[in-house]
Amino acid sequence: MTASVIEQAKIQAQVLVPLVKALQAELGEARANTLVRKALGDLYRGFGEEFWKAKNESDLGRAVSSAFKTYARDDALAYDVIEQTHDAFAFDVKRCAYAEFYKALGEPELGFLLICTADFATAEGFGPDIKLTRTQTIMQGASHCDFRYKRDAGGSR
């Protein structure tokens, strides 16, 4: 059995957190974070493209729902679905083990950089007609994360 996404994130953090901190010390926080965001963005955008092609699913709600079941495995996320249709998937994450892990490390801002910013890049990989809106995250101290995926009105898949 392969490691769950939360376990993979914990393993990756052992390397990425010291690496990002070293980059921040050398390049300055803003420049280092931009570099990390771009590198990881390209990676996660590719993951989104691969996922979307492999799913071969025109129903946005069904496709994104299945993706988040993967991220929620091993009790990593507790979330409430707000809307699930052919052109939308909206949900609120009420508990996030990723945020709990990075908070325990004392690095919630690195958790946001390494985990939360990946959501937008992954969504970009789904295609130009799919948009993600999120106004808050648990990682940044909010009570919940508000994910809203929608297909542009003119888009069709």
Side-chain angles (χ1 to χ4, degrees), residues 1-27 29-57 59-82 84 89-127 130-149:
M1 185 172 177
T2 61
S4 65
V5 178
I6 184 67
E7 287 306 315
Q8 291 174 33
K10 289 177 179 181
I11 293 165
Q12 292 166 349
Q14 294 174 22
V15 173
L16 291 177
V17 168
L19 178 62
V20 171
K21 290 179 112 177
L23 286 170
Q24 289 173 336
E26 186 69 26
L27 303 173
E29 188 173 329
R31 189 166 171 219
N33 289 0
T34 298
L35 181 67
V36 169
R37 203 173 289 113
K38 179 178 179 350
L40 292 179
D42 292 344
L43 177 70
Y44 286 111
R45 196 170 302 102
F47 288 162
E49 290 169 1
E50 289 173 22
F51 168 80
W52 198 263
K53 286 177 191 167
K55 265 299 183 203
N56 195 24
E57 172 68 68
D59 188 310
L60 175 65
R62 193 175 0 224
V64 177
S65 173
S66 75
F68 271 85
K69 286 178 183 165
T70 300
Y71 291 104
R73 200 172 106 203
D74 287 354
D75 200 32
L77 300 174
Y79 61 95
D80 295 330
V81 175
I82 308 300
Q84 183 173 348
F89 187 63
F91 62 99
D92 290 341
V93 172
K94 301 293 189 173
R95 190 190 61 73
C96 176
Y98 303 91
E100 292 163 3
F101 171 73
Y102 274 94
K103 184 176 180 182
L105 286 180
E107 300 291 351
E109 56 287 327
L110 288 185
F112 181 80
L113 175 67
L114 297 171
I115 302 293
C116 302
T117 59
D119 298 327
F120 287 95
T122 302
E124 287 173 14
F126 293 167
I130 308 299
K131 301 295 178 216
L132 167 61
T133 304
R134 188 185 63 215
T135 65
Q136 60 186 27
T137 65
I138 295 169
M139 195 80 76
Q140 292 182 302
S143 63
H144 66 282
C145 308
D146 58 342
F147 288 82
R148 305 296 184 260
Y149 290 85

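Fair warning: this is a prediction, and the values are worked out from it, not measured in the lab.
- Contact between Cys145 and Thr137 at its shortest, heavy atoms only, is SG-CA, 3.5 Å.
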Residues 102-111, side-chain donor-acceptor partners within the protein, below 3.5 Å, at least two apart:
from   : atom 1 : to    : atom 2 : distance (Å)
Glu107 : OE2    : Lys21 : NZ     : 2.6

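- Every residue meeting the side chain to side chain contact (heavy atoms under 4.5 Å, CB included) condition with Phe120, not counting sequence neighbours, appears here in chain and number order: Leu132, Arg134.
- Residues passing the side-chain hydrogen bond (donor to acceptor under 3.5 Å, both in side chains) test with Gln136, sequence neighbours excluded: His144.
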(request) Please report the C-alpha distance between Ile6 and Arg73 in whole Å, then the side-chain angles of each, then the deciding distance to 0.1 Å, and finally whether the side-chain contact (heavy atoms from CB on, under 4.5 Å) criterion is met. (result) CA-CA 8 Å; Ile6 184 67; Arg73 200 172 106 203; over 6 Å; no
(request) Carefully, step by step, assess Val93 and Phe68 under the rule side-chain contact (heavy atoms from CB on, under 4.5 Å). (result) CA-CA 10 Å; Val93 172; Phe68 271 85; 5.6 Å; no
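- Between the OG1 atom of Thr122 and the OH atom of Tyr71 there is a distance of 5.0 Å, given to the nearest 0.5 Å.
- Residues Val64 and Phe126 have side chains in contact (heavy-atom distance under 4.5 Å, counting atoms from C-beta outward).
- Legend: residues meeting side chain to side chain contact (heavy atoms under 4.5 Å, CB included) with Ser65, ordered by chain and number and at least two apart, are Lys69, Gln84, Phe89.
- Side-chain atoms of Tyr149 do not come within 3.5 Å of backbone N or O of Ala123 as any donor-acceptor pair.
- Minimum interatomic distance between Cys116 and Met139 (heavy atoms only, all atoms of both residues): SG-CB, 3.6 Å.
- Here the CZ atom belonging to Arg31 is positioned 9.5 Å from the OG1 atom belonging to Thr34, to the nearest 0.5 angstrom.
- The side-chain hydrogen bond (donor to acceptor under 3.5 Å, both in side chains) search around Thr135 returns Asp146, not counting sequence neighbours.
- Residues satisfying the side-chain hydrogen bond (donor to acceptor under 3.5 Å, both in side chains) test with Gln12, not counting sequence neighbours, are none.
- For Ile82, the side chain to side chain contact (heavy atoms under 4.5 Å, CB included) test picks out Ala90, Asp92, Arg148, with sequence neighbours left out.
- Contact record, Ala99 with Ile138: CB-CG2, 3.8 Å, taken as the closest heavy-atom pair.
- In this structure Asp75 satisfies the salt bridge (charged side-chain N to carboxylate O under 4.0 Å, His left out) test together with Arg95, sequence neighbours excluded.
- Checked against side-chain hydrogen bond (donor to acceptor under 3.5 Å, both in side chains), Lys55 has the following partners two or more places apart in sequence or in another chain: Ser66.
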For a quick test of your reading: what N or O donor-acceptor pairs under 3.5 Å do the side chains of residues 36-48 make, sequence neighbours left out?
from  : atom 1 : to     : atom 2 : distance (Å)
Lys38 : NZ     : Asp42  : OD2    : 2.9
Asp42 : OD1    : Arg45  : NH1    : 2.9
Arg45 : NE     : Glu124 : OE1    : 2.6
Arg45 : NH1    : Gly41  : O      : 3.4
Arg45 : NH2    : Glu124 : OE1    : 3.1

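- Looking only at distances, a side-chain donor or acceptor of Asp59 sits under 3.5 Å from a matching main-chain atom of Gly61.
- Shown here are the ring-ring contact (aromatic ring centres under 6.0 Å, His included) partners of Tyr79, two or more places apart in sequence or in another chain: Phe91.
- The minimum heavy-atom distance linking Phe51 with Ala63 is given by the pair CZ-O, 3.3 Å.
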